[in-house]
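Worksheet: one structure, shown below.
Order of the sequence lines sets the chain letters (A, B, ...), proteins ahead of strands, with each chain counted from 1.
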Amino acid sequence: MNRAPLVAAVLAWYEENARDLPWRRADASPWAVMVSEFMLQQTPVDRVLGPWRDWMERWPQPAALAAAPAGDAVRAWGRLGYPRRALRLHQAAVTITDEHGGRVPDDRAALLRLPGVGPYTAAAVLSFAFGQRHVVLDTNVRRVLSRVAAGVAYPSPTPTRAEEALAEEFLPSGQAAAARWAVASMELGALVCTARSPRCSSCPVSSACAWQSAGKPAWDGPPRRGQSYTGTDRQCRGVLLAVLRSSDAPVGREELLAGWSEPAQAERALASLLADGLADQVGGRFTLPH
DNA sequence: CAGACGTGGGG
DNA sequence: TCCCCAAGTCT
């Protein structure tokens with residue numbers, strides 16, 4: 001099957017329907033793109049917009065962030081979730097400043113050495129910030145390809161080798177077109193080919209979609225693992241960290257643990273926050289890291 | 001490699 | 001209301 005017409009249709013659709021996101025503007029720096037990618041790991045666009053603007057205003061270059069205490073990054077991260085990402089972004093800024101002259105590296109190996117940068121983020125930065133040709137396989141693209149090409153409602157839990165190869169088939173050969181396809185296919189997944197209620201009637205490639213042709217069969221693969229949350233250590237960590245974020249002064253142990261009803265679990269959570277570097281102990285009190 | 005890791009909004 | 005899901009990475 002020739003992928004070119006489908007790719008062209010998605011590119012044309014993107015021209016008309018792309019969101020005007022600040023990190024997509026022509027004047028967005030590689031750093032601006034990288035910050036957005038960290039924030040967008042598992043966090044919806046709408047919630048990222050505000051913190052991203054504040055972050056870029058405060059730390060317009062990696063060196064600015066590198067010069068700040070890690071705790072400032074954690075506090076500025078606010079409620080985006082998975083605060084270890086803030087720590088990793090801070091550490092990445094330090095490495096970029098110390099080892100890359102303050103510039104976000106434009107090669108894959110160097111990017112992958114940065115904390116918090118995995119296969120997806122590396123490809124995204126190279127594609128979006130530097131216009132390079134890379135397969136950018138995020139959850140949106142994986143879902144689009146799963147439906148369009150495989151006729152299946154959802155992709156497997158983790159990317160496979162076959163998926164990578166399939167994605168490569170769709171990737172235009174030219175650099176610019178490849179980079180364009182990367183954003184466009186992601187955008188289609190985010191706006192039209194969504195997980196819950198796909199808008200197939202407004203999809204530019206519905207006529208070429210295997211899933212559509214098959215009558216949009218329901219997911220019959222292994223049950224998709226839900227993430228329980230209430231009562232978990234994760235929730236507890238979140239509660240404790242929220243206390244630290246909201247306080248300028250160091251917080252006493254009693255006060256810190258008071259927000260959680262299970263003392264043993266709270267102790268364990270606090271220990272893990274300290275181990276992760278998300279909290280510091282100064283005397284008998286606790287703060288965000290310095 | 002399965003599980004840990006936050007948080008909030010929409011169906 | 002409750003459940004699912006959101007531009008993943010790390011161990």
Fill in: Rounded distance in Å - CG (A:Leu87) to P (B:dG6)
11 Å

Worksheet entry | Residues from residues 78-85 of chain A lying under 4.0 Å of DNA chain B - heavy atoms | A:Arg79, A:Leu80, A:Gly81, A:Tyr82, A:Pro83, A:Arg84, A:Arg85

Worksheet item: What's the spacing between A:Leu274 CG and A:Leu240 CG if we round to 0.5 Å?
Response: 10.0 Å

Worksheet item: Got a sec? Which of residues 250-278 of chain A come in under 4.0 Å of DNA chain C, heavy atoms?
Response: none

Discussion item. If I take atom OH in residue A:Tyr229 and atom C1' in nucleotide B:dG8, what distance separates them, rounded to the nearest angstrom?
Written reply: 10 Å

Response to the item:
Between CZ of A:Arg88 and P of B:dA4 the distance, given in whole Å, is 15 Å

Worksheet item: Does A:Thr43 make a side-chain donor-acceptor contact with the base of B:dG6, cut-off 3.5 Å?
Response: yes

Worksheet item: If you take all heavy atoms of A:Glu37 and A:Ala124, which pair is closest and at what distance?
Response: CD-CB, 3.8 Å

Pick out the pairs of N or O atoms, protein on one side and nucleotides 1-5 of chain C on the other, that lie under 3.5 Å.
from, atom 1, to, atom 2, distance (Å)
C:dC4, O2, A:Arg196, NH2, 2.5
C:dC5, OP1, A:Arg224, NH1, 2.7
C:dC5, OP2, A:Arg224, NH1, 3.2

Worksheet item: Does the B:dG8 base have a donor-acceptor partner in the side chain of A:Arg47 within less than 3.5 Å?
Response: no

Worksheet item: Below 4.0 angstrom, N of the basic side chain to O of the carboxylate: do A:Arg180 and A:Glu15 qualify?
Response: yes

Worksheet item: Got more than 12 heavy atoms from elsewhere within 6.0 Å of CZ, A:Arg75?
Response: yes

Worksheet entry | By side-chain hydrogen bond (donor to acceptor under 3.5 Å, both in side chains) - contacts of A:Tyr154 (at least two apart) | none

Discussion item. Counting only heavy atoms and a strict 4.0 angstrom limit, can you tell me which residues of residues 235-249 of chain A come near DNA chain B?
Written reply: A:Arg237, A:Gly238, A:Arg245

Item to complete: Could I get the full list of side-chain hydrogen bond (donor to acceptor under 3.5 Å, both in side chains) partners for A:Asp20, not counting sequence neighbours?
Response: A:Arg25

Discussion item. Side-chain N or O of A:Gln42 versus OP1/OP2 of C:dG8: is the shortest distance under 4.0 Å?
Written reply: yes

Discussion item. Show me the pairs that pass salt bridge (charged side-chain N to carboxylate O under 4.0 Å, His left out) and involve residues 128-140 of chain A, at least two apart or across chains.
Written reply: A:Arg133-A:Glu168

Worksheet item: Which residues pass the salt bridge (charged side-chain N to carboxylate O under 4.0 Å, His left out) test with A:Arg53, sequence neighbours left out?
Response: none

Discussion item. Show the nearest heavy-atom pair for residues A:Arg108 and A:Pro119, with the distance to one decimal.
Written reply: NH1-O, 4.2 Å

Discussion item. Which residues pass the salt bridge (charged side-chain N to carboxylate O under 4.0 Å, His left out) test with A:Arg113, not counting sequence neighbours?
Written reply: none

Discussion item. In whole Å, measure the gap between the P atoms of B:dA4 and C:dA7 for me.
Written reply: 22 Å

Worksheet entry | Any donor-acceptor N or O pair under 3.5 Å, side chains A:Ser156, A:Arg142 | yes

Discussion item. Closest-nucleotide mapping onto DNA chain B: is A:Thr232 or A:Pro44 further toward the 5' terminus? I mean the 5' end.
Written reply: A:Thr232

Worksheet item: Got a sec? Which of residues 108-136 of chain A come in under 4.0 Å of DNA chain B, heavy atoms?
Response: none

Worksheet item: Mind checking what makes salt bridge (charged side-chain N to carboxylate O under 4.0 Å, His left out) contact with A:Arg268, not counting sequence neighbours?
Response: A:Asp233

Worksheet, complete the sentence: Note: for A:Arg234 and A:Arg199 on DNA chain B, the residue whose nearest nucleotide lies more 5' is A:Arg234

Discussion item. Distance check needed: B:dT7 C1' versus A:Asp46 CG, whole Å only.
Written reply: 14 Å

Practice prompt. Not counting sequence neighbours, which residues clear salt bridge (charged side-chain N to carboxylate O under 4.0 Å, His left out) with A:Glu262? List them please.
Written response: none

